[in-house]
Amino acid sequence: MKKLRQKNIHNLLKETEDRFRKINIALPRLDAEVLLSFYLKKNRSTLYTNSEYIPTDKEMREYGNGVARRLRGEPVAYITGKKEFWSLDLEINDKVLIPRPETEILVEQVLKLVKKWKLINGRILEIGTGSGAISIALASELERARFFAMDISIDAVKIAKRNAGRNGVEKLVSFVCGNLFEPFSEKFDFIISNPPYISEKEFQYLPVEVRNFEPEEALLAGPKGIEFHRELVKKGADYLKKKGWLVMEIGYGQSHAVERMLKETQKYDLIRFRTDYAGIKRVVEAQRSG
Ligand code: SAM
Ligand code: GLN
């Protein structure tokens, strides 16, 4: 790789942005800014107020390494080891999915249901918590609720626990390692999940930065993509209190199949979808019949 010459922040960002754009990185300017501010230990706005600053040799070397990793396809969040979700800082590594902005819609939807149905003291079970993003975001808003967040990956559970601690909600969330509902015997007011929902066919078409860097077990569901939703719908009915809510994130084009499977059980009412910023049905909610 051509070495980045020593330059001031303004020119350095310009050069990095151009390199990123050449290999079709979706947000070249943003990625350059996030990386440079990370290695300079400054926030992004300071890059503009200090645009004449020339980084030291050490800063340049570290930034150069980060840029090289990004050029090989690694997502920025794995390079910096952090990601913002619901305005909270989360620690991230390659054992967990990088929380996606559209998953905040699931958080919003649960908050709306809590308010509308007065479930402020509710017991909330999250299946497949990964970095802990969803439960930690909700716990930061609902200090009287009680959270149980689980994942099959012990590495994910460890990171999620640290993230709860760093965001001051460790007393509200219990983390458990296991397979789906297996660790639980009691019933909940909410079962929430952003499960793996990529089909085997879709998996091969995922962008390199997702397919080659994010954990396969966080993404790949099975031949159809809705295998986890089926488990959550079927078994979830036994773990929900009457009038409790199942809230799940779904993938592009999965709403019809998910609606059908919910109706087939005859155990859910009030099935509704929420669309994301791109107009895709992204979150489904359903109430356990009374
Ligand atoms: N909740 C996080 C988020 O929204 O950013 C992570 C979601 S990721 C799409 C799905 C998660 O489900 C992964 O962390 C994965 O390890 C976990 N998972 C996969 N199979 C599981 C299973 N059988 N039981 C529990 N968790 C599972
Ligand atoms: N939204 C993720 C993607 O961009 C998929 C997450 C999931 O499978 N739950 O690929």
Side-chain angles (χ1 to χ4, degrees), residues 26-27 75 77-78 82-86 88-110 124-139 147-161 163-164 173 175-184 190-222 224-232 234-236 239 247-254 258 276-278 280-284:
L27 300 167
Y78 290 151
K82 53 189 186 180
K83 177 78 185 175
E84 196 180 287
F85 182 81
W86 201 258
L88 303 169
D89 274 327
L90 299 178
E91 173 192 339
I92 297 296
N93 69 19
D94 61 4
K95 307 289 189 230
V96 295
L97 187 94
I98 301 165
R100 307 288 203 265
E102 58 268 30
T103 299
E104 293 186 353
I105 295 171
L106 190 156
V107 174
E108 276 170 17
Q109 207 51 27
V110 174
I124 301 180
L125 170 62
E126 186 195 357
I127 302 285
T129 195
S131 62
I134 297 172
S135 288
I136 294 168
L138 285 169
F147 293 86
F148 301 84
M150 65 84 63
D151 205 284
I152 199 159
S153 152
I154 184 67
D155 294 315
V157 169
K158 285 183 189 160
I159 292 171
K161 262 189 197 165
N163 279 326
V173 194
F175 292 95
V176 189
C177 188
N179 182 15
L180 296 172
F181 295 97
E182 170 207 81
F184 304 97
F190 283 90
I191 294 171
I192 62 180
S193 183
N194 171 18
Y197 57 62
I198 304 292
S199 70
E200 281 162 9
K201 184 150 178 257
E202 283 167 332
F203 190 76
Q204 29 175 340
Y205 299 112
L206 287 177
V208 169
E209 58 185 48
V210 179
R211 181 164 36 99
N212 289 357
F213 290 91
E214 302 207 55
E216 194 173 309
E217 64 274 21
L219 296 161
L220 192 58
K224 293 219 159 70
I226 49 170
E227 289 76 2
F228 277 89
H229 298 102
R230 195 175 292 289
E231 291 290 304
L232 293 167
K234 266 171 60 185
K235 299 215 180 91
Y239 286 88
V247 187
M248 303 182 290
E249 184 168 320
I250 64 170
Y252 176 74
Q254 294 178 338
V258 170
D276 65 15
Y277 320 108
I280 295 166
K281 286 186 179 157
R282 182 60 68 188
V283 172
V284 60

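When a ligand or atom number is given, it counts from 1 through the structure's own listing order.
Taking a cut-off of under 4.0 Å to the non-hydrogen atoms of E217, the atoms of ligand 1 that pass are 15 (C), 19 (C). Taking a cut-off of under 4.0 Å to the non-hydrogen atoms of A218, the atoms of ligand 1 that pass are 8 (S), 9 (C), 10 (C), 13 (C), 15 (C). Residue E126 approaches ligand 1 through these ligand atoms, each under 4.0 Å from one of its heavy atoms: 1 (N). Near T103, with a cut-off below 4.0 Å to any heavy atom, the atoms of ligand 1 are 4 (O). Every atom of ligand 1 with a heavy atom of G178 under 4.0 Å away is listed here by number and element: 24 (N), 25 (C). Those atoms of ligand 1 with a heavy atom of M150 less than 4.0 angstrom away are 25 (C). Close contacts of ligand 2 with L219, meaning ligand atoms under 4.0 Å from a residue heavy atom, involve 5 (C), 8 (O), 10 (O).
For the residue pair V157 and F175, the shortest heavy atom distance occurs at CG1-CB, 3.9 Å. The heavy-atom pair separating A164 from I136 by the smallest distance is N-CD1, 3.3 Å.
Below 3.5 Å of separation, one finds an N or O of N194 facing an N or O of ligand 2. Residue G128 places at least one N or O, backbone or side chain, under 3.5 Å from an N or O of ligand 1. Between P196 and ligand 2, no pair of N/O atoms sits closer than 3.5 Å. Considering backbone and side-chain atoms alike, L180 places an N or O below 3.5 Å from some N or O of ligand 1. For the pair Y197 and ligand 2, the shortest N or O to N or O distance falls below 3.5 Å. At under 3.5 Å, a nitrogen or oxygen of N179, whether backbone or side chain, sits near a nitrogen or oxygen of ligand 1.
Between the side chain of N163 and the backbone N or O of S131 there is at least one donor-acceptor pair closer than 3.5 Å. Side-chain N or O atoms of E104 include one that pairs as donor or acceptor with a backbone N or O of W86 at under 3.5 Å. In this structure, Q109 contributes its side chain and V107 its backbone to no donor-acceptor pair below 3.5 Å. With hydrogens and angles ignored, the 3.5 Å screen pairs a side-chain donor or acceptor of Q254 with a backbone N or O of Y197.
At a 4.0 Å cut-off, at least one heavy atom of F228 sits close enough to ligand 1 to count as contact. Residue P195 places a heavy atom under 4.0 Å from ligand 2.
When the heavy atoms of N194, V157, D151, L219 are ranked by distance to atom 16 (O) of ligand 1, first place goes to D151. Around atom 5 (O) of ligand 1, the closest heavy atom drawn from P99, A221, S135, G132 belongs to P99. Comparing V96, L97, T129 by heavy-atom distance to atom 2 (C) of ligand 1, the nearest is T129.
Nearest to atom 21 (C) of ligand 1 among the protein's heavy atoms is I152 CG2, 3.6 Å.
The aromatic rings of F184 and F148 lie perpendicular to each other, with more than 60° between the two planes, well past the 30° mark.
Under the 4.0 Å criterion applied to side-chain N and carboxylate O atoms, E214 and R100 are assigned as salt-bridge partners.
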